[in-house]
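Scroll down for the structure; my scribbles are underneath it.
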Amino acid sequence: MSIRIAGIESESIVDGPGFRFAVYTQGCPHACPGCHNPQTHPFEGGRMVEAEELMDSLQASPLNKGVTLSGGEPFCQAEELLPFARLVRAAGMSLWAYSGYTFEQLVSDDAPRGSRELLGLCDVLVDGPYVAELSSYDAHWRGSTNQRLIDLPASLAAGRAVLWQAEDPLAAFTRPVAD
């Protein structure tokens with residue numbers, strides 16, 4: 001099944017933790033004012049790729065520790081992204097997704113087809129529309145502060161959005177005790 005993409009970033013450091021392979025899908029119904037990727041809004045354009053082609057590109061860089069689906073709106077192509085998401089998970093890599101939809105919208109009966117299954121393959125969802133007035137450099141992997149970092153396994157198990165907590169990168173090291 002082909003996926004319409006606007007492009008890829010083979011070693012992104014801004015789309016989640018560590019080096020990540022970012023796939024920018026083509027097509028977005030949200031068209032948020034001030035969007036960072038307005039060229040991805042039209043549903044025509046971009047180029048068609050297969051899951052295996054994306055996987056080959058991903059594996060070309062040994063630095064990548066995860067994959068991020070962005071856009072555009074990846075959930076408009078949820079069914080098309082499923083084969084790639086399965087390959088990513090089979091390779092033991094983390095999978096994040098950005099969406100202008102909220103978690104609640106993506107688990108509803110009105111969600112685009114394949115959304116719940118794609119959510120089930122992802123670790124983290126950055127949800128909600130981009131709001132330019134809420135843009136902040138302190139938004140940590142989000143474009144605007146209204147967006148949430150959602151722990152998908154915990155959220156799907158709980159039936160409600162559970163916020164994701166970043167791991168402490170220094171947790172494996174011993175810290176001196178303060179006097």
Side-chain angles (χ1 to χ4, degrees), residues 1-16 19-61 64 66-91 93-135 139 141-144 146-150 152:
M1 189 176 297
S2 296
I3 308 159
R4 184 175 296 277
I5 66 166
I8 60 171
E9 182 61 45
S10 61
E11 294 173 351
S12 173
I13 58 169
V14 297
D15 295 303
F19 284 96
R20 305 188 70 78
F21 183 81
V23 177
Y24 300 94
T25 59
Q26 183 71 42
C28 181
H30 312 297
C32 300
C35 174
H36 183 69
N37 298 324
Q39 72 281 6
T40 67
H41 295 177
F43 282 89
E44 37 308 308
R47 65 185 177 96
M48 302 301 286
V49 297
E50 300 298 321
E52 295 78 12
E53 179 184 345
L54 288 176
M55 202 64 193
D56 289 344
S57 296
L58 164 62
Q59 292 174 327
S61 172
N64 286 317
V67 171
T68 299
L69 305 174
S70 191
E73 174 56 65
F75 286 90
C76 286
Q77 297 186 67
E79 284 187 318
E80 292 84 350
L81 286 165
L82 287 172
F84 178 59
R86 290 182 193 113
L87 290 171
V88 169
R89 296 314 299 217
M93 301 182 97
S94 76
L95 184 59
W96 280 38
Y98 281 74
S99 178
Y101 293 112
T102 63
F103 170 78
E104 293 78 10
Q105 290 170 316
L106 290 171
V107 296
S108 77
D109 292 339
D110 297 326
R113 289 176 49 162
S115 293
R116 185 175 274 280
E117 189 174 352
L118 185 57
L119 288 172
L121 292 167
C122 294
D123 298 296
V124 172
L125 172 69
V126 181
D127 83 333
Y130 171 74
V131 178
E133 296 79 23
L134 299 176
S135 179
W141 293 316
R142 299 172 293 152
S144 54
N146 62 297
Q147 296 171 316
R148 302 175 292 179
L149 293 159
I150 296 179
L152 284 172

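Position 1 is the first residue of the sequence; numbering continues from there.
Remark: the backbone N or O of V67 is not paired with any side-chain donor or acceptor of S94 at under 3.5 angstrom. Of the possible polar contacts, none joining the Q147 side chain to the S99 backbone as a donor-acceptor pair under 3.5 Å is found. Remark: the backbone N or O of F19 is not paired with any side-chain donor or acceptor of E11 at under 3.5 angstrom.
Considering only heavy atoms from C-beta on, P129 comes within 4.5 Å of N146 through its side chain. Counting heavy atoms from C-beta outward, D110 and Q105 have side chains that stay 4.5 Å or more apart. The side-chain heavy atoms of L81 and I3, taken from C-beta on, include a pair separated by under 4.5 Å. At least one side-chain heavy atom of V23 sits less than 4.5 Å from a side-chain heavy atom of F84.
We find the CD-CG distance between E9 and N64 to be 10.0 Å, quoted to the nearest 0.5 Å. Note that CG of D123 and CE of M93 are 11.5 Å apart. Values are rounded to the nearest 0.5 Å. Interatomic distance, CD of Q77 versus CG of L118, reported as 11.0 Å (0.5 Å rounding). Atom CZ of residue F43 and atom CZ of residue R4 lie 10.5 Å apart, to the nearest 0.5 angstrom. In this structure, H36 NE2 and S135 OG are separated by 10.5 Å, a value rounded to the nearest 0.5 Å. Rounded to the nearest 0.5 angstrom, M55 CE and R86 CZ are separated by 13.5 Å.
Heavy atoms only, all atoms of each residue included: P33 and A132 are closest at O-CB, 3.9 Å. Nearest approach of L106 to S115, heavy atoms of both residues: O-CB, 3.7 Å. Of all heavy-atom pairs between L119 and F75, the closest is CD2-CZ, 3.7 Å. Closest of all the heavy-atom pairs between E80 and M1 is CA-SD, 3.4 Å. Nearest heavy-atom pair across G71 and P74 is N-CD, 4.4 Å. Closest approach of V131 and S144 over heavy atoms only: N-OG, 3.1 Å.
Under the side chain to side chain contact (heavy atoms under 4.5 Å, CB included) rule, L125 has a single partner from W96, F103, Y98, Y101, which is F103.
Y24 and D15 share a donor-acceptor pair across their side chains, judged by distance under 3.5 Å alone.
Pairs of residues two or more places apart, or lying in two chains, that qualify as salt bridge (Lys or Arg N to Asp or Glu O under 4.0 Å) and include a residue from residues 66-79 are E79-R113.
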(request) Please lay out, stage by stage, how R148 and E104 fare under the test salt bridge (Lys or Arg N to Asp or Glu O under 4.0 Å). (result) CA-CA 12 Å; R148 302 175 292 179; E104 293 78 10; 2.7 Å; yes
(message) Pair F21, S57 - check side chain to side chain contact (heavy atoms under 4.5 Å, CB included), show working.
(response) CA-CA 9 Å; F21 183 81; S57 296; 3.8 Å; yes
